**Student:** 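Quick one: this structure, given as structure tokens, is what I'll be asking you about.
The shown structure was predicted, so the numbers you read here are calculated from the model rather than taken from an experiment.
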Amino acid sequence: MAYEHIATATASSSPLFLEVTSIPSTYQDLEVIIQSKTTGSNGASSGKITFNSVTSSDYHLTKIRKNGTTMYATVSSSQASFDVNYSHGPGNNSQMCGYVRLYIPDYASSAEHPANWWATSWDTTTAGEISYTAGKFSPSSAQAISSIKWTTVYTIEDDCTMSVYGITYA
């Protein structure tokens with residue numbers, strides 16, 4: 001197995017999104033790693049992920065998560081993005097940090113694209129949250145994934161990153 005870095009988008013000047021474009025179709029799978037942190041005035045590091053600038057109802061997901069002692073489950077169909085709501089916390093003007101690891105098998109095919117990700121987060125006042133999500137990107141016109149965009153819900157700090165890696169199997 002070969003694991004190669006394709007590109008990293010790095011936050012500067014309080015961006016509203018991080019994006020990696022021109023993803024080559026030379027790998028079998030993709031892995032995306034997002035690391036984010038908000039300032040003390042925000043309370044979450046949530047975001048929305050889209051592929052190929054598609055923002056129609058082509059995203060479907062099932063999520064389980066735990067925040068404190070409470071468990072949640074969500075099923076969402078026909079969404080305009082993958083809603084990556086992690087880093088939920090009490091707010092309390094506390095900094096929030098979060099980490100998402102997104103795996104996209106067979107991203108270069110023109111068929112539907114399954115995806116799964118796990119996320120974990122923490123803040124300065126509680127232990128934070130964990131979640132696991134499985135989703136499917138079903139574009140109305142079949143297409144390989146060539147760009148990934150993470151649009152932030154809250155202002156993230158400079159130097160937060162979204163890195164994309166290509167995976168090939170020998």
**Student:** For Y59, give me all partners under ring-ring contact (aromatic ring centres under 6.0 Å, His included), at least two apart in sequence or on another chain.
**Tutor:** F82, F137
**Student:** Not counting sequence neighbours, which residues clear side-chain contact (heavy atoms from CB on, under 4.5 Å) with P114? List them please.
**Tutor:** P105
**Student:** Go through the structure and list residues passing side-chain hydrogen bond (donor to acceptor under 3.5 Å, both in side chains) with S163, not counting sequence neighbours.
**Tutor:** T8
**Student:** Can you find a side-chain donor-acceptor pair between Y107 and D29 that sits under 3.5 Å?
**Tutor:** no
**Student:** Around atom CZ of F17, are there more than 12 heavy atoms from other residues, nucleotides or ligands closer than 6.0 Å?
**Tutor:** no
**Student:** Looking only at heavy atoms, what is the nearest atom pair of Y165 and I33, with distance?
**Tutor:** CE1-CD1, 4.1 Å
**Student:** For a quick test of reading the model, state the closest non-hydrogen atom pair linking M162 to V20 and the distance between them.
**Tutor:** CE-N, 3.7 Å
**Student:** Using the side-chain hydrogen bond (donor to acceptor under 3.5 Å, both in side chains) criterion, which residues pair with S146? Sequence neighbours excluded.
**Tutor:** N52
**Student:** Do Y132 and V75 belong to the same hydrophobic cluster, where Ile, Leu, Val, Met, Phe, Trp and Tyr are linked whenever their side-chain heavy atoms lie under 4.5 Å apart, directly or via other members?
**Tutor:** no
**Student:** Under the rule for ring-ring contact (aromatic ring centres under 6.0 Å, His included), what residues qualify as partners of Y72, not counting sequence neighbours?
**Tutor:** none
**Student:** Enumerate the residue pairs fulfilling salt bridge (Lys or Arg N to Asp or Glu O under 4.0 Å) with a member in residues 146-156, sequence neighbours excluded, ordered by first and then second residue.
**Tutor:** none
**Student:** With sequence neighbours excluded, what pairs up with L16 under the side-chain contact (heavy atoms from CB on, under 4.5 Å) test?
**Tutor:** none
**Student:** What is the minimum heavy-atom distance between S147 and S53, and which atoms define it?
**Tutor:** OG-N, 4.0 Å
**Student:** Minimum heavy-atom separation for A80 and T50, please, with both atom names.
**Tutor:** O-CG2, 3.7 Å
**Student:** Would Y3 and E31 count as having a side-chain donor-acceptor pair, cut-off 3.5 Å?
**Tutor:** yes
**Student:** Checking E19 now: which residues fulfil side-chain hydrogen bond (donor to acceptor under 3.5 Å, both in side chains) with it, not counting sequence neighbours?
**Tutor:** none
**Student:** What residues form a side-chain contact (heavy atoms from CB on, under 4.5 Å) with A11, not counting sequence neighbours?
**Tutor:** P15, L18, I156, C160
**Student:** side-chain contact (heavy atoms from CB on, under 4.5 Å) with S109: which residues, sequence neighbours excluded?
**Tutor:** D106, A111, H113
**Student:** Under 3.5 Å, is there a donor-acceptor pair linking the side chains of Y99 and R101?
**Tutor:** yes
**Student:** Please report the shortest heavy-atom distance between V100 and A119, naming the atom on each side.
**Tutor:** CG2-CB, 3.9 Å
**Student:** Among all residues two or more places apart in sequence or in another chain, which pass the salt bridge (charged side-chain N to carboxylate O under 4.0 Å, His left out) test with E112?
**Tutor:** K136
**Student:** Taking side-chain hydrogen bond (donor to acceptor under 3.5 Å, both in side chains) as the definition, give me every residue that meets it alongside Y27, ordered by chain and number, with sequence neighbours left out.
**Tutor:** E4
**Student:** Which distance, rounded to the nearest 0.5 Å, do you find between the OG1 of T62 and the CG of N116?
**Tutor:** 12.0 Å
**Student:** Taking all non-hydrogen atoms of both residues into account, name the closest pair between D83 and W117 and its distance.
**Tutor:** O-CZ2, 4.4 Å
